[in-house]
Amino acid sequence: MKYYDFLNPSVNFMGPGCIKELGHRCELLKMKKPLIVTDSFLAGLEDGPVALSVASLKAKGIQAVIFTGVEPNPKIENCYEGLKVYQFNHCDSIITIGGGSSHDCGKGIGIAATHDAPLASYAGIETLPNPLPPIIAVNTTAGTASEVTRHCVLTDRATKLKFVIVSWRNMPLVSFNDPLMMLGIPRGLTAATGMDALTHAIEAYVSVDANPVTDAAAIQAIKLVSNNLRQAVANGSNLTARENMAYASYLAGLAFNNGNLGYVHAMAHQLGGQYDMAHGVANAMLLPTVEEYNLVANPEKFRDIAIFMGKKVDGLSLMDAAHAAIDAMRELAEDVGIPSGLAQMGVKEEDFELMATNALKDGNAFSNPRKGTKDDIIALFRKAM
């Protein structure tokens, strides 16, 4: 096996009430005037994540500036709008509060603040020559794990393409996963983000870049999602389920941040760019179809996934046991209310060729366990309809 590195934020706070440590951590990092990057909904909650974060900062005498221009599937324009606020107020650091959209937008603002070329020109792996401002990520959903990864995913509205800037410079210095701030998440968002976490774990586990450390994180994440997502969706106030889903998302993030992903994400990015589809929903609808295609490349690992997800495989052949994993993925998606097919989301077959072409160019495609053609990807989009 070739050597590998393993990236992770320097400090990760976990568990109920940990948000109280935000101000102290900012103080240690000598953050004088951070820009809070969030959306208008979270900023408007009286006792929500933004209010709790601001209170922790004020307790340490830190005055933050709040930018609320984050959109789902954050756009390039959101980052430059945030940059104007950052520069006008002479900010020196960034605190992202929310789910993946807030974290990605905050990273994009940090890149724009320290790099002169257009953001889209940095798409790719390790393209950033300059360090970013200090970033702390306060997470409010159990799914994207952007609070612990090197990925900055943005959408180019003009081309309808999602692109990813992958760099160790994007890594937040500190992450917060406080399940108390996740209790009010709506059922649909809980389901979508939870299935996103499962997708991260499964794709990392079967990735050609997997290693023993990423496997350990991915395995535990798969088990935690399988045992807790249904409960979190059924009762959003179930703190045990919320906390376990936060752990699952975090572990899945560590797994894919270092072991990479595959065709599910490469294809989901096209759905997000073309249709502005919620990322977790896109992943959830594609996951069983794409992994069924991938199964022949590593049936042993898919048999393992079936076991991790609670399937009984004693007495089954290797291939039948592997297929049980696909059944488990479909059952979980159905149980938490994920739409059954892309057609329900307005996806059009006329877009398949362009999306397939771009999916194969996506950085996630190169670590998929089975190597496909454009026609294969078109067939997978069609099968997922």
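Note: hydrogens, waters and symmetry copies are ignored here, and every other heavy atom, side chains too, is used. Quick note: residue numbers are just sequence positions, from 1. Just so it is clear, the structure is predicted and the values come from calculations on it, not from any experiment.
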Answer yes if I377 and L271 sit in the same cluster of Ile, Leu, Val, Met, Phe, Trp and Tyr residues linked by side chain heavy atoms under 4.5 Å apart, and no otherwise.
yes

Testing the 3.5 Å rule here: is there a donor-acceptor pair between the side chains of S340 and Q344?
yes

Start with the C-alpha distance between K75 and D156, add both sets of side-chain angles, then the distance that settles salt bridge (charged side-chain N to carboxylate O under 4.0 Å, His left out), and finish with yes or no.
CA-CA 6 Å; K75 316 301 186 289; D156 187 331; over 6 Å; no

Could you walk me through whether S93 and I135 pass side-chain contact (heavy atoms from CB on, under 4.5 Å), step by step?
CA-CA 6 Å; S93 51; I135 297 176; over 6 Å; no

Ignoring hydrogens and angles, state whether a donor on the side chain of H265 or N283 is under 3.5 Å from an acceptor on the partner side chain.
yes

For residues 18-38, dump all side-chain donor-acceptor pairs below 3.5 Å to protein atoms at least two apart in sequence or in another chain.
unit_1	atom_1	unit_2	atom_2	d
K33	NZ	N89	O	3.2
T38	OG1	I97	O	2.9

Does any part of the side chain of L254, heavy atoms only, come nearer than 4.5 Å to the side chain of T214, both counted from C-beta?
no

Atom CG of D116 with >12 non-hydrogen neighbours under 6.0 angstrom
no

Would you sort out whether S146 and K107 count as a side chain to side chain donor-acceptor pair (under 3.5 Å), showing the intermediate values?
CA-CA 10 Å; S146 184; K107 293 173 185 178; 3.1 Å; yes

Show the numbers, then the answer: is there a side-chain contact (heavy atoms from CB on, under 4.5 Å) between N12 and V174?
CA-CA 6 Å; N12 302 276; V174 186; over 6 Å; no

Report the C-alpha separation of M355 and Q274 in whole Å, then their side-chain angles, then the decisive distance to 0.1 Å, and conclude whether the side-chain contact (heavy atoms from CB on, under 4.5 Å) test is met.
CA-CA 8 Å; M355 291 196 298; Q274 191 72 23; 4.2 Å; yes

Under 30°, 30 to 60°, or over 60°: which ring-plane class applies to F308 and Y205, parallel, tilted or perpendicular?
perpendicular

Is there a path of hydrophobic side-chain contacts, each under 4.5 Å between heavy atoms, that joins V225 and M309?
yes

Does the salt bridge (charged side-chain N to carboxylate O under 4.0 Å, His left out) test come out yes or no for K311 and E331, once each step is laid out?
CA-CA 11 Å; K311 287 292 186 179; E331 289 165 7; 3.0 Å; yes

So C79 and L119, do their side chains get closer than 4.5 Å, heavy atoms only?
yes

List the steps and the verdict of side-chain contact (heavy atoms from CB on, under 4.5 Å) for E291 and L295.
CA-CA 6 Å; E291 298 311 337; L295 187 148; over 6 Å; no

Side-chain heavy-atom pair T96, I136 within 4.5 angstrom cut-off
no

S207 OG to N258 CG distance, which is reported to the nearest 0.5 Å
11.0 Å

In plain terms, say whether E71 and R157 are close enough for a salt bridge, that is, a side-chain N and a carboxylate O under 4.0 Å apart.
yes

Side-chain touch V281/P339, heavy atoms, less than 4.5 angstrom:
yes

Hey, is CZ on F41 packed in by over 12 heavy atoms from elsewhere, all under 6.0 Å?
no

Is the closest side-chain donor-acceptor distance between D39 and T68 under 3.5 Å?
no

Side-chain touch M285/M345, heavy atoms, less than 4.5 angstrom
yes

Taking every non-hydrogen atom, the tightest pair across L286 and A268
CD1-N, 3.5 Å

If Ile, Leu, Val, Met, Phe, Trp and Tyr residues are connected whenever their side-chain heavy atoms lie under 4.5 Å apart, and connections chain through other members, are L224 and F256 in the same group?
no

Salt bridge (Lys or Arg N to Asp or Glu O under 4.0 Å) involving D320 - partner list, sequence neighbours excluded:
none

Single-linkage hydrophobic cluster, 4.5 Å side-chain cutoff, I219 and L261 together
no

Same cluster (ILVMFWY, side-chain, under 4.5 Å), L251 and V11
no

Taking atom types as modelled and ignoring hydrogens, do the side chains of D376 and Y293 form a donor-acceptor contact shorter than 3.5 angstrom?
yes

If you look at every heavy atom in A246 and A142, which pair is closest and at what distance?
N-CB, 3.9 Å

Can a side-chain donor-acceptor contact be found between T190 and R242 if the only test is distance below 3.5 angstrom?
yes

Decide whether H200 and D196 meet the rule of one side-chain donor and one side-chain acceptor closer than 3.5 Å.
yes

Can you find a pair of side-chain heavy atoms, one from L183 and one from N238, that are under 4.5 Å apart?
no

May I ask you to decide if N227's main-chain N or O and Q231's side chain share a donor-acceptor pair within less than 3.5 Å?
yes

Sub-4.5 Å side-chain heavy-atom contact between L180 and L239
yes

Ignoring hydrogens and angles, tell me if any N or O in the side chain of T127 forms a donor-acceptor pair with the backbone of Y122 under 3.5 Å.
yes

Please check if the side chain of E203 supplies one atom and the backbone of G262 the other of a donor-acceptor pair under 3.5 Å.
yes

No-hydrogen, no-angle side-chain donor-acceptor test under 3.5 Å, D351 and Y275
yes

Does the pair E292/R330 count as a salt bridge with the N-to-O cut at 4.0 Å?
yes

When the ring planes of H269 and H279 are compared, do they come out parallel, tilted or perpendicular, using 30° and 60° as the limits?
parallel

Acceptor/donor pairs from residues 161-168 side chains to any protein atom, 3.5 angstrom cut, sequence neighbours excluded:
unit_1	atom_1	unit_2	atom_2	d
K162	NZ	N73	OD1	2.7
S167	OG	E126	OE1	3.0
S167	OG	R169	N	3.1

Quick one: does F302's side chain get under 4.5 Å of N294's, heavy atoms only?
yes

